[in-house]
Protein chains: 2
Amino acid sequence: MPRKKEVVNPDTENKIKEAAKKVFLSQGYEGATVRQIAQEAGVNVALMNYHFQSKEQLFKSIYMESFGAFFGSIVRLLNEETPLEVKIWKIVDRYTDFLIENPMIPIFVLAEHRKDGNSLFKELNVREVVKTSYFTKQLQEEAEKGTIRPVNPLHVIFSLMGNLIFPVVARPIISYVGSLDEAGFRQFMEERKKIIPEMIMAYLKSR
Amino acid sequence: MPRKKEVVNPDTENKIKEAAKKVFLSQGYEGATVRQIAQEAGVNVALMNYHFQSKEQLFKSIYMESFGAFFGSIVRLLNEETPLEVKIWKIVDRYTDFLIENPMIPIFVLAEHRKDGNSLFKELNVREVVKTSYFTKQLQEEAEKGTIRPVNPLHVIFSLMGNLIFPVVARPIISYVGSLDEAGFRQFMEERKKIIPEMIMAYLKSR
DNA sequence: TTTTAATTTAAACAAGCGTTTAAATTATTT
DNA sequence: AAATAATTTAAACGCTTGTTTAAATTAAAA
């Protein structure tokens, strides 16, 4: 029986993980097959289980990694000690770049998340992180000063995320409707770097 | 070989379709099994193929129906001959209600769409419908009049859709982070009915 | 260099998949 | 009431799935 070892071949493990990431992200858990992953990695199927015990365990490592990248970066940006407006521009800029480089992560995470039921959020204590985030405090303070309208931070955060993420998730739709090729879509995303912060700030400052 | 018939039992077909919708929407195509659907419908597995020929064909009928509901309603609203600002409020109001009643449709359509490659869009000629929509014309006219800033309609449409759809797709996340129950989430969505149009209009009118 | 451990593979495994067959049942027509 | 057609089912089909076994190969330790 293949027990946990101290010494492993990291090259092989990386090859398998890269292949698994590619296949899982495009096909989902049920859509992916171990033989597909093995072929993509150029190894025997049995070797996959030798290194990762099971398809499910291999999937989990990919899922957690993607999940962390998906939310980790935005949570980190929310907590930076930058003035509110600067921060919003920065979040949009950085997260757009992240999404352009990792376009498959959002739909993968969101689609898989409908099955797993928030266990990862509890593990990462996302609730407290958001509630006590510097961003939340900033919105309250600025509202008290009267420089922006009072607002539930959750609405701002999910407006930001919706505006950022939806175009990537719906990319084939946008590309088709707008007749955009690879470069055209990139241009579209670059335009959003200006539009999204302007829209959020226009709302916060209005009235 | 079971050929297409003229007379069928519509009760059975509906039972199977309802069950298939429930299972496909929550599990996706690969995640769903014909035995699961049959059990949910309370019929034998063979009966499913008797009425729908194959799992794939049954899926397609569910997918096309969902796809049509997902985009059809918004395209219809875009083409209504209502003043711009009224229309935006109306789109948000109606589409929010649609999403509250059909929360599984967006993630289902988006997740499945990453496999099918726009064939349905071409079939429905979505591109021309959007380009020649009354909404697009309105944005141009108002910009010429100077009542709003000039803007690429695609950005407005996808900002609207992102703001509307993302919270539903990420509902478990919102519910967890905001400690919201069923009623709390509904309240959150009701609040967005005000916030989203205000945000879009604040952007269009600013500068 | 011999021995031992780690890695990789080919082949087989049981279980579950979508589908089909052929018989039983129900509804319709004659 | 008898005959025919439509519907439903139990059971089996062939195939693919994830996993395991046992042998072969490579690397490390003695």
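Per chain, numbering begins at 1; letters A, B, ... match sequence-line order.
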Can you give the dot-bracket line for DNA chain D, using ( ) for pairs inside the strand, [ ] for pairs that cross earlier ones, | for pairs with another strand and . for unpaired bases, where Watson-Crick and G-U count if both distances are under 3.5 Å? |||||||||||||||||||||||||||||.
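- Per the geometry, CD belonging to Q57(A) stands 12 Å off P belonging to dT20(D), to the nearest Å.
- Straight-line distance from the CZ atom of F59(B) to the P atom of dC17(C): 17 Å, rounded to whole Å.
- Here the side chains of K131(A) and T136(A) are not in contact, with every heavy-atom distance at 4.5 Å or above.
- With hydrogens and angles disregarded, no donor-acceptor distance shorter than 3.5 Å links the side chain of N102(B) to the backbone of I105(B).
- We find that CD of Q53(A) is positioned 14 Å from C1' of dG18(D), with the value rounded to whole Å.
- Following rounding to the nearest Å, N44(B) (CG) and dT25(C) (P) show an atom-to-atom distance of 14 Å.
- Phosphate contact (OP1/OP2 of dA6(D), side-chain N/O of H51(B), threshold under 4.0 Å): absent.
- Geometrically, K55(B) engages Y29(B) in a cation-pi contact, judged by NZ or CZ lying under 6.0 Å from the ring centre and within 45° of the ring axis.
- Under a 3.5 Å cut-off, the side chain of K137(B) and the backbone N or O of T132(B) do not form any donor-acceptor pair.
- Following rounding to the nearest Å, M48(B) (CE) and dT20(C) (C1') show an atom-to-atom distance of 13 Å.
- Across dT19(D), dA10(D), dT8(D), the shortest atom-to-atom separation from the side chain of S54(A) is found for dT19(D).
- Look at OH on Y50(A): it is 13 Å from P on dA5(C), rounded to the nearest Å.
- With salt bridges taken as basic N to acidic carboxylate O contacts below 4.0 Å, one links E190(B) and K193(B).
- In this structure, the side chain of N163(A) does not engage the main chain of I196(A) through any donor-acceptor pair within 3.5 Å.
- Taking the six-membered ring for Trp and thresholds of 30 and 60 degrees, F67(B) and F71(B) have ring planes inclined between 30 and 60 degrees apart.
- Relative orientation of the F98(A) and Y95(A) rings is tilted, given thresholds of 30° and 60° on the angle between their planes.
- Only R35(A), V43(A), listed by number, bring a heavy atom of residues 29-43 of chain A to less than 4.0 angstrom from any atom of DNA chain C.
- Contact annotation: the side chain of F24(A) approaches that of L58(A) to within less than 4.5 Å [non-hydrogen atoms, C-beta and beyond].
- To the nearest angstrom, C1' of dT7(D) lies 15 Å from CG of N49(B).
- The nearest whole Å value for the distance from the CG atom in L47(B) to the C1' atom in dT25(C) is 13 Å.
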